[in-house]
> 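This is the structure, below, for whatever I ask next.
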2 protein chains.
Amino acid sequence: MEVALNNNHKFLSKIATNDGHGENSPYFDGWKAYDTNPYHPQTNPGGVIQMGLAENQLCFDLIQEWVKNNPQASICTPQGGFDFKEIAIYQDYHGLPEFREAIANFMSRVRGSRAKFDPSRIVMSGGATGAHETVAFCLANPGEGFLVPTPYYPGFDRDLRWRTGVQLIPVVCESSNNFKVTLEALEEAYDKAKESNIKIKGLLITNPSNPLGTFFDKETLKTLVSFINEKSIHLICDEIYAGTVTNDQEFISIAEILEEYPTICNHNLIHIVYSLSKDMGFPGFRVGIIYSYNDTVVNIARKMSSFGLVSTQTQHMIASMLSDNDFVEKFISESRIRLAHRHDLFAKELSQVGIGSLESNAGLFFWMDLRRFLKEPTFESEMTFWRTIINEIKLNVSPGQSFHCSEPGWFRVCFANMDDETVTVAVRRIESFVLESKMIEIKTKAKAKKHCFQKNLHLKLSSRRLEDTMSPHSPLNSPLVRAQN
Amino acid sequence: MEVALNNNHKFLSKIATNDGHGENSPYFDGWKAYDTNPYHPQTNPGGVIQMGLAENQLCFDLIQEWVKNNPQASICTPQGGFDFKEIAIYQDYHGLPEFREAIANFMSRVRGSRAKFDPSRIVMSGGATGAHETVAFCLANPGEGFLVPTPYYPGFDRDLRWRTGVQLIPVVCESSNNFKVTLEALEEAYDKAKESNIKIKGLLITNPSNPLGTFFDKETLKTLVSFINEKSIHLICDEIYAGTVTNDQEFISIAEILEEYPTICNHNLIHIVYSLSKDMGFPGFRVGIIYSYNDTVVNIARKMSSFGLVSTQTQHMIASMLSDNDFVEKFISESRIRLAHRHDLFAKELSQVGIGSLESNAGLFFWMDLRRFLKEPTFESEMTFWRTIINEIKLNVSPGQSFHCSEPGWFRVCFANMDDETVTVAVRRIESFVLESKMIEIKTKAKAKKHCFQKNLHLKLSSRRLEDTMSPHSPLNSPLVRAQN
């Protein structure tokens with residue numbers, strides 16, 4: 001028994017003990033830093049501001065208004081309560097028919113009604129997290145792989161790999177062409193996997209991209225579809241940010257491509273992952289959707305959905321909300337306006353202090369270019385600088401390496417999970433950081449100049465002066481200075 | 001492309017194509033028969049009555065009353081709606097603290113407050129289905145096995161095996177000692193697995209048992225715990241029917257054993273699976289719980305819960321409901337009274353028509369002994385007779401072989417998923433079936449006698465008479481007659 005207690009791990013599975021959950025990634029470390037010292041305007045104004053969370057909190061007033069006006073949508077109101085029993089006991093993994101219809105309707109509307117979705121192909125899962133795992137279980141055996149263009153969402157390493165044993169093979173994309181996915185990069189990754197005896201079963205794209213905040217143009221989508229069709233591998237399109245377009249361009253879903261070019265590929269190879277966590281801002285409700293054009297995958301994924309069904313209480317409410325077309329139209333258009341406003345505000349502020357970012361047109365984040373702040377163009381420097389941002393500037397942003405970015409110095413910063421006041425504080429922190437770094441630059445240059453003239457003069461600091469330099473208000477205590485050390 | 005379309009399966013995973021979901025079991029066939037012709041008192045009085053569903057629908061009036069009196073528990077009411085945003089965006093896999101506390105509280109109360117549960121050990125999952133899979137992923141590698149006493153819940157074949165690659169090794173229990181689990185049977189199954197080079201990682205019990213409707217006495221539980229401790233394997237206790245006791249005995253949880261005999265085993269080896277689907281009757285809400293005494297399992301299972309979290313809308317409501325101690329006490333005691341009443345009513349009716357069943361004290365079902373109705377004591381005869389019950393008597397009960405029972409002729413019949421009127425219809429059908437079978441018996445005997453005296457007399461049936469014998473009201477059309485053919 002002694003032995004058993006001391007060797008707990010040996011009694012567990014490899015999956016339980018292999019760290020495959022990926023939570024040792026800096027992406028999650030940042031969350032922990034925020035959790036231990038969260039910013040609050042009154043109670044903790046010096047705390048960490050959470051900019052690592054891709055949440056859409058800009059339209060809850062519209063949702064709350066709808067909920068208030070539709071008491072029949074809830075099984076916990078006098079108006080809807082007579083459905084309580086019927087809803088509480090419903091456990092069919094097909095989902096409530098009205099739920100599937102409402103989701104199909106919403107998916108179409110979010111895509112500008114340029115694509116139709118068949119309710120009988122809507123399969124539920126526990127968020128996009130569960131959806132991705134289910135698709136991976138359906139398409140690939142342990143050891144087989146999916147190509148994934150970089151940078152990509154860190155959670156994929158957990159969702160698609162951990163319990164399935166599937167591998168993710170990066171398709172390297174670079175800043176030189178704005179991280180676009182090229183046929184050459186795809187072929188290179190595919191060939192490399194083949195050389196390593198990894199059977200590639202699919203290509204996984206996020207469209208719009210997390211973390212880039214961009215979406216694919218029609219020509220690129222057609223190229224990708226031709227590529228996977230030629231190789232006879234699957235295409236999994238994560239479109240969970242379909243409703244977060246921030247300018248006047250129109251998002252193009254893979255569903256639209258299939259409707260416009262029906263013979264472009266074997267439809268059995270195409271699968272869409274969707275959710276209401278981003279477009280509606282309901283991550284807590286765990287509404288994940290698999291929409292596959294492959295009958296077998298629909299059938300099997302539905303059986304697997306037993307492991308992560310959506311609560312019928314939530315299905316019932318969502319069914320009612322998303323079948324209200326007036327509300328849906330108003331929500332989609334207003335959400336777009338507000339996201340665009342927030343996007344533009346942030347972009348302007350960043351550019352005013354000289355911080356660049358990838359030009360984007362969707363998503364709840366910027367892909368910020370901080371390469372010039374790194375001491376060296378290495379991932380070690382990126383990590384050092386990132387710790388500075390978290391611990392000193394007190395912003396939880398996410399470093400590019402956690403997204404498998406091939407170039408150090410890029411960071412994802414989320415902008416839709418906070419109120420306007422917090423935005424102001426965050427931007428002010430960035431500004432003062434840049435200002436300080438410029439002052440340091442000037443001082444360092446001046447000091448270097450002075451040093452040339454006075455190289456024989458030794459500076460002796462009194463203990464009092466030493467204290468001054470360590471004060472949090474001293475420019476010498478600037479995070480940038482520490483990062484460069 | 002032609003090839004791809006015609007060979008869809010070869011592009012999918014082994015898991016997707018190996019039928020490991022287990023839905024080819026008769027257990028699920030019965031559901032399908034019900035689905036295509038469901039009984040309804042007005043619109044389809046000749047339809048199939050669903051007695052294959054272990055649902056607890058007897059106390060929804062209490063729940064509905066509570067919901068009506070507690071509008072603040074819902075985020076969709078004017079009283080609770082100001083929490084909508086906060087709840088909708090909450091996605092921490094620890095779960096709402098008030099939810100975990102309320103669940104721990106409820107788990108204790110259901111167990112007569114004779115065991116305490118630590119809220120920090122409460123891990124969410126997508127129903128007991130997701131909970132079992134998560135525990136299997138944590139404890140065993142593909143190819144390794146769990147011992148499971150028979151008969152056991154058919155869903156385990158899907159939940160614990162399908163995507164994990166884990167094996168379930170039956171521990172054969174028999175009617176001769178009322179299907180009790182003996183040390184001999186455990187040792188035999190363990191040794192047999194060892195001989196087949198299957199590494200046993202745990203023992204899985206359902207307590208109270210589905211389908212037996214019995215629960216373990218203290219001595220047997222202690223024997224099981226000593227067994228697993230000696231072998232250094234895990235004990236997984238599925239206690240999802242803990243709150244369904246139907247007489248004045250007290251259910252004994254494994255948690256109670258550990259509190260009473262703290263040194264009886266290595267606590268790291270003990271894991272409880274719980275849910276609100278049976279005790280509360282909320283299968284649609286997908287509230288599954290893993291309660292492990294092993295810190296590593298708590299930690300890893302929590303990370304895995306990302307694949308099947310409980311909707312925060314549901315967490316919020318449940319937290320409020322189950323932290324109301326007056327309601328909880330009232331619900332538990334009233335539910336017990338009503339289940340006992342239904343149990344006794346059914347037992348009496350069955351015994352009056354001479355149908356026996358295992359003496360039970362919990363659960364939402366009887367383990368019905370229909371061995372004497374089988375033409376032969378084989379599983380083929382059981383299947384033939386079961387088809388008769390479904391197609392002719394129009395009751396969806398579940399055959400023992402789908403529960404891996406070692407003896408043919410046992411059937412599980414559920415009694416808490418219908419209203420009193422439906423119970424009456426179901427019992428009347430059983431009665432008339434037994435009556436018909438007795439008449440057939442008498443007639444057959446009489447006919448055999450007559451045949452002795454008149455063996456040279458050939459009976460010629462007119463077409464008119466033939467029609468009569470095929471009429472659904474003719475005793476010659478009795479399901480039993482067909483089953484015995």
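A quick note: this is a predicted structure, and the numbers were derived from the prediction, not measured. Numbered from 1 within each chain, the chains take letters A, B, ... in sequence-line order.
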> Can you label the angle between the B:F84 ring and the A:F60 ring as parallel, tilted or perpendicular, going by 30° and 60°?
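Correct class here is tilted.
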> Among A:F137, A:F282, A:F82, A:Y90, which residue has the highest count of heavy-atom pairs closer than 4.5 Å to chain B?
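If we count pairs closer than 4.5 Å to chain B, A:F137 comes out on top.
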> As an exercise: rank A:K14, A:R158, A:E133 by heavy-atom pairs under 4.5 Å with chain B and give me the winner.
A:E133
> Could you tell me which of A:A128, A:P142, A:G288, A:S13 has the largest number of non-hydrogen atom pairs under 4.5 Å with chain B?
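Greatest number of close heavy-atom pairs with chain B: A:S13.
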> For chain A, which residues from residues 61-71 of chain B lie under 4.5 Å away (heavy-atom distances)?
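Those residues of residues 61-71 of chain B which have a heavy atom under 4.5 Å from chain A are B:I63, B:Q64, B:V67.
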> Which bit of B:N294 comes within less than 4.5 Å of chain A, counting heavy atoms only: side chain, backbone, both or neither?
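For B:N294, the side chain is the part near chain A, not the backbone.
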> Under a 4.5 Å cut-off applied to non-hydrogen side-chain atoms, are B:L53 and A:Q91 in contact?
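Yes; the side chains approach each other to less than 4.5 Å.
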> Just so I understand: if I count every heavy-atom pair under 4.5 Å between each of B:G284, B:G126, B:G81, B:G80 and chain A, which residue has the most?
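Result: the option with the highest number of such pairs is B:G284.
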> Roughly how far, to the nearest 0.5 Å, is CD1 of A:I75 from CZ of B:F285?
4.0 Å
> From B:E23 CD over to A:N299 CG, what is the distance, rounded to the nearest 0.5 angstrom?
8.0 Å
> For residues A:S311 and B:S311, is any side-chain donor paired with an opposing acceptor at under 3.5 Å?
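Short answer, no.
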> Using a cut-off of under 4.5 Å for heavy-atom pairs, which of B:G308, B:A16, B:A88 has the most such pairs with chain A?
B:A88
> Hey, what do you get for CG (B:N266) to CZ (A:F11), rounding to the nearest 0.5 Å?
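Rounded to the nearest 0.5 Å, the CG-CZ separation comes out at 7.0 Å.
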> Pick from B:S306, B:A131, B:G130, B:G165: which one has the most heavy-atom pairs with chain A under 4.5 Å?
B:S306
> Quick one: which of B:I300, B:I89, B:I87, B:L276 has the most heavy-atom pairs under 4.5 Å with chain A, could you say?
B:I89
> Side chain, backbone, both or neither: which part of A:P283 has a heavy atom under 4.5 Å from chain B?
both
> Which one of A:M280, A:K85, A:H132, A:K201 has the most heavy-atom pairs closer than 4.5 Å to chain B?
A:K85
> So do A:C76 and B:M317 actually touch side chain to side chain, heavy atoms under 4.5 Å?
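When only atoms from C-beta onward are counted, A:C76 and B:M317 do touch, with a gap below 4.5 Å.
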> With sequence neighbours excluded, what pairs up with A:N18 under the side chain to side chain contact (heavy atoms under 4.5 Å, CB included) test?
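Expected list: A:W162.
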> State, yes or no, whether a side-chain contact exists between B:L12 and A:H234 at a heavy-atom distance under 4.5 Å.
yes
> Taking side chain to side chain contact (heavy atoms under 4.5 Å, CB included) as the criterion, tell me which of A:M304, A:R302, A:K303 meets it with B:H21.
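Checked A:M304, A:R302, A:K303 against B:H21; only one passes side chain to side chain contact (heavy atoms under 4.5 Å, CB included): A:K303.
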> Go through B:A140, B:S125, B:A301 and name the one with the most non-hydrogen pairs under 4.5 angstrom from chain A.
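Top option by heavy-atom pairs under 4.5 Å: B:A140.
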> Using a 4.5 angstrom heavy-atom cutoff, name the option from B:T134, B:V310, B:D159 with the most pairs to chain A.
B:D159
> What's the spacing between B:F307 CZ and A:R286 CZ if we round to 0.5 Å?
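Between B:F307 CZ and A:R286 CZ, I get 10.5 Å after rounding to 0.5 Å.
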> So which part of A:E55 gets closer than 4.5 Å to some heavy atom of chain B, the side chain, the backbone, both or neither?
side chain
